[in-house]
Amino acid sequence: MASKTEKIKTRLLWEHGRYCAICGKKIRNFEELTLDHIIPLSRGGKNEIDNCQLAHKSCNSMKSDKMPDVYYWRMKHNKRLMIISRLRRIMFLW
């Protein structure tokens, strides 16, 4: 049986594709793929789908336990990632 983390990864892959939520670049292989908690667990975040995003291991390591307001500007300025994310979310809800 798959763990909760693996289920979250699978769902995020389906909804958002293989794009890093931090840098916006494509995640080329699964060795680079990691699950990032938007609000870090160490700061009270939950291990739930709404608090998770896919990221490169290196990007996740760089982000460390920073809160979203510290790194959000990177996502905000990556229009391609935001458009893809919104379209997949709409398709999923449809």
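Along the sequence shown, residues carry numbers from 1.
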Enquirer: Above 12 or not: heavy atoms from other molecules or residues under 6.0 Å from NZ of Lys46?
Expert: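 No, because the 6.0 Å sphere around NZ of Lys46 holds 12 heavy atoms or fewer from other groups.
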
Enquirer: Please give me the minimum heavy-atom distance between Ala55 and Asp36, naming the atom from each residue.
Expert: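 Nearest heavy atoms, Ala55 then Asp36: CB-CB, 4.1 Å.
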
Enquirer: Can you name the residues that form a side-chain hydrogen bond (donor to acceptor under 3.5 Å, both in side chains) with Lys9, not counting sequence neighbours?
Expert: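 In terms of side-chain hydrogen bond (donor to acceptor under 3.5 Å, both in side chains), with neighbours along the sequence ignored, Lys9 is linked to no residue.
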
Enquirer: Please check this pair: side chain of Arg18 against backbone of Lys26, looking for a donor-acceptor N/O pair closer than 3.5 Å.
Expert: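 No: the side chain of Arg18 does not pair with the backbone of Lys26.
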
Enquirer: Would you compute the distance between atom CD1 of Ile8 and atom CD1 of Ile49 and round it to the nearest 0.5 angstrom?
Expert: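 Answer for the CD1-CD1 pair, Ile8 versus Ile49, is 5.5 Å.
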
Enquirer: Answer yes or no: is there a side-chain heavy-atom contact under 4.5 Å between Met67 and Pro40?
Expert: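 Yes, at least one pair of side-chain atoms sits under 4.5 Å.
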
Enquirer: For His56, what residues pass the side-chain hydrogen bond (donor to acceptor under 3.5 Å, both in side chains) criterion, not counting sequence neighbours?
Expert: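 None.
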
Enquirer: For a side-chain contact (heavy atoms from CB on, under 4.5 Å) with Phe30, tell me which candidate from Leu33, Thr34, Ile27 qualifies.
Expert: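 Only one of Leu33, Thr34, Ile27 forms a side-chain contact (heavy atoms from CB on, under 4.5 Å) with Phe30, namely Leu33.
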
Enquirer: Give, for atom OG of Ser61 and atom CD1 of Ile22, the distance between the pair rounded to the nearest 0.5 Å.
Expert: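 Separation between the atoms: 9.5 Å.
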
Enquirer: Atom CG in Leu13, atom CG in Leu54: separation rounded to 0.5 Å?
Expert: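 With rounding to 0.5 Å, CG (Leu13) is 5.0 Å from CG (Leu54).
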
Enquirer: Only counting residues at least two apart or in another chain, list the ones meeting side-chain contact (heavy atoms from CB on, under 4.5 Å) with Glu31.
Expert: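 With neighbours one apart ignored, the set is Asn29.
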
Enquirer: Mind checking what makes side-chain hydrogen bond (donor to acceptor under 3.5 Å, both in side chains) contact with Asn47, not counting sequence neighbours?
Expert: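 Result, side-chain hydrogen bond (donor to acceptor under 3.5 Å, both in side chains) vs Asn47: His37.
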
Enquirer: Given 3.5 Å as the limit, does a donor-acceptor pair link the side chain of Arg43 with the main chain of Asp65, or not?
Expert: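 Yes, the answer is positive, given that a donor and an acceptor are paired below the 3.5 Å cut-off.
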
Enquirer: Would you call Arg28 and Glu32 a salt bridge, using N to O less than 4.0 angstrom?
Expert: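 So Arg28 does not pair with Glu32 through a salt bridge.
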
Enquirer: With sequence neighbours left out, write down each residue that passes side-chain contact (heavy atoms from CB on, under 4.5 Å) with Ile38, or none if nothing qualifies.
Expert: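 Per chain and number, Ile38 pairs via side-chain contact (heavy atoms from CB on, under 4.5 Å) with Asn51, Gln53, Pro68, Tyr71.
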
